[in-house]
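The block underneath contains the structure these notes are about, expressed in structure tokens.
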Amino acid sequence: MGSRADCPNVKTPLTALVPFKEQGLATKQKDSLAPMDVWGLTTMERPTFLFYVPYIKDVANLSAEFVLQDAEENDVYRQAIALPSKPGVMSVSLPYNVAPLQVNKTYRWYFKVHCNQQQTASYPVQVEGDIQRVNLQPNVAKQIAAATDPREKIAIYAASGIWYDPLNMLAQRRKANPNDVSLATDWQSLLQSIKLQQLATAPLL
């Protein structure tokens, strides 16, 4: 889900690269947003989150932060985020000094951009959602262990309903091989599966 505030106008809003399901219809007001359920699974102890960020560091009074909370709304991780020099997809990884996510526990994350820090009543532009760490089913783990092609491993993760792992594996391979047409096609297909195909050509920062 997301919110808007007194921020610069952008063509594409701040967006988390996570599956979402629209829960209601937006009103006809120009700046309204429909409620969203945002949800994703991971097998990683300290996952990486990807966001399309349209705001850049050269704009005055802009700052960003990432927050991860447990089910009791206690902060697990809170970190100021340096905004990029150009719009694109950026990653936020949990560092090793953060306790690993517990299996079958649900956590809430927030990516917030504060746009006017001089106004005490200002509200951030933000996206938020849930993440849960799970263990792979034994048969899926065997398939992944037997797969020798990284693209096959990514496909197995995605087919099993795991989201964060294949997304980050594919993003890393794309950054390492920016001219690989097959990886670009896989990236397009993966984002299209969650209705975010318009972000497939955004640069990976």
**OP:** Using modelled atom types only, decide if a donor and an acceptor are shared between the side chain of Arg46 and the backbone of Val98 within a distance under 3.5 Å.
**Re:** yes

Walk me through whether Thr12 and Tyr52 qualify under side-chain contact (heavy atoms from CB on, under 4.5 Å).
CA-CA 9 Å; Thr12 303; Tyr52 173 79; 3.7 Å; yes

For this session: Please tell me if the side chains of Ser182 and Arg151 come closer than 4.5 Å, counting only heavy atoms from C-beta onward.
Result: yes

Closest heavy-atom pair, Pro84 versus Met90, reported as atoms and distance to 0.1 Å, is CD-SD, 3.8 Å

Minimal heavy-atom distance between Arg174 and Ala200, with the atoms involved, is NH1-O, 3.7 Å

request  = Look only at the side chain of Lys153 and the backbone of Ala147, and say whether a donor-acceptor pair between them is shorter than 3.5 Å.
outcome  = yes

- prompt: Between Lys105 and Asp70, does at least one N-O distance fall below 4.0 Å, as a salt bridge requires?
  reply: no

Has Thr15 got a side-chain atom pairing as donor or acceptor with Pro13's backbone, closer than 3.5 angstrom? yes

message: Closer than 4.0 angstrom, basic N to acidic O: yes or no for Glu73 and Arg108?
response: no

Discussion item. Taking the side chain as everything from C-beta on, heavy atoms only, tell me whether Pro150 gets closer than 4.5 Å to Arg173.
Written reply: yes

When rounded to the nearest 0.5 Å, the distance separating CG of Asn104 from CG of Leu41 is 9.5 Å

Hydrophobic cluster membership, with links at side-chain heavy-atom distances under 4.5 Å among I/L/V/M/F/W/Y: are Val76 and Val103 in one?
no

Q. Would Val67 and Leu101 show up in the same hydrophobic cluster when neighbours are defined by side-chain heavy atoms closer than 4.5 Å?
A. no

Smallest heavy-atom separation, Pro54 atom then Pro87 atom, equals O-CG, 3.7 Å

d(Gln188 CD, Gln198 CD) to nearest 0.5 Å is 9.5 Å

Nearest heavy-atom contact between Ile162 and Pro166 is O-CG, 3.3 Å

Would you say Leu17 and Tyr110 are hydrophobically clustered, going by side-chain heavy atoms of ILVMFWY under 4.5 Å? no

- Has the side chain of Trp187 got a donor or acceptor atom that lies under 3.5 Å from a matching backbone atom of Thr201? no

Is the backbone of Leu183 close enough, under 3.5 Å, to the side chain of Asp180 for a donor and an acceptor to pair up by distance? yes

Worksheet item: Checking Asp130 side chain against Gly40 main chain: does a donor-acceptor pair fall under 3.5 Å?
Response: no

Practice prompt. Determine, step by step, whether Asp75 and Leu68 satisfy the side-chain contact (heavy atoms from CB on, under 4.5 Å) criterion, reporting the C-alpha distance in whole Å, the side-chain angles of both residues, the deciding distance to 0.1 Å, and the verdict.
Written response: CA-CA 6 Å; Asp75 284 1; Leu68 182 70; over 6 Å; no

Distance col, row Gln137:CD vs Lys142:NZ, nearest 0.5 angstrom, shows 12.0 Å

- [ ] Taking Asn61 for its side chain and Cys115 for its backbone only, find out whether a donor-acceptor pair lies under 3.5 Å.
- [x] no

All heavy atoms of Pro100 vs all of Tyr107, minimum pair found to be O-OH, 4.5 Å

- [ ] Apply side-chain contact (heavy atoms from CB on, under 4.5 Å) to Asp186 and Ile154, showing your working.
- [x] CA-CA 9 Å; Asp186 291 348; Ile154 291 170; over 6 Å; no

Here the gap from Ser160 atom OG to Asn139 atom CG, rounded to the nearest 0.5 Å, amounts to 9.0 Å

NZ of Lys112 to OG of Ser63, rounded to nearest 0.5 Å, is 11.0 Å

Quiz prompt | Test item: Gln69 and Trp109 side chains (from C-beta on) under 4.5 Å apart, heavy atoms | solution = no

*asked:* Would Phe66 and Phe51 count as a side-chain contact (heavy atoms from CB on, under 4.5 Å) here? Give the steps.
replied: CA-CA 11 Å; Phe66 177 83; Phe51 302 93; 3.9 Å; yes

(message) Contact between Leu50 and Asn168 at the side-chain level, heavy atoms closer than 4.5 Å - yes or no?
(response) yes

dist Gln143:CD -> Tyr157:OH (nearest 0.5 Å) comes out at 11.5 Å

With sequence neighbours left out, the residues meeting side chain to side chain contact (heavy atoms under 4.5 Å, CB included) with Lys175 are Leu204

ask   = Got Trp163 and Pro19 here, is their nearest side-chain heavy-atom distance under 4.5 Å?
value = yes

Phe49-Phe111 aromatic ring centre distance below 6.0 Å:
no

Tell me whether Leu62 shares a hydrophobic cluster with Val125, the cluster being built from Ile, Leu, Val, Met, Phe, Trp, Tyr side chains joined at under 4.5 Å.
yes

### Query
Taking a hydrophobic cluster as the set of Ile, Leu, Val, Met, Phe, Trp and Tyr residues connected by side-chain heavy atoms closer than 4.5 Å, whether directly or through intermediates, do Leu190 and Ile144 fall within one such cluster?
yes

Exercise. Do Tyr164 and Thr48 have side-chain heavy atoms sitting under 4.5 Å apart?
Worked result: no

>> For the backbone of Thr42 and the side chain of Arg133, can you confirm whether one donor and one acceptor N or O come within less than 3.5 Å of each other?
In response: no

Shortest non-hydrogen pair, Tyr77 vs Ser93, comes out as OH-O, 4.3 Å

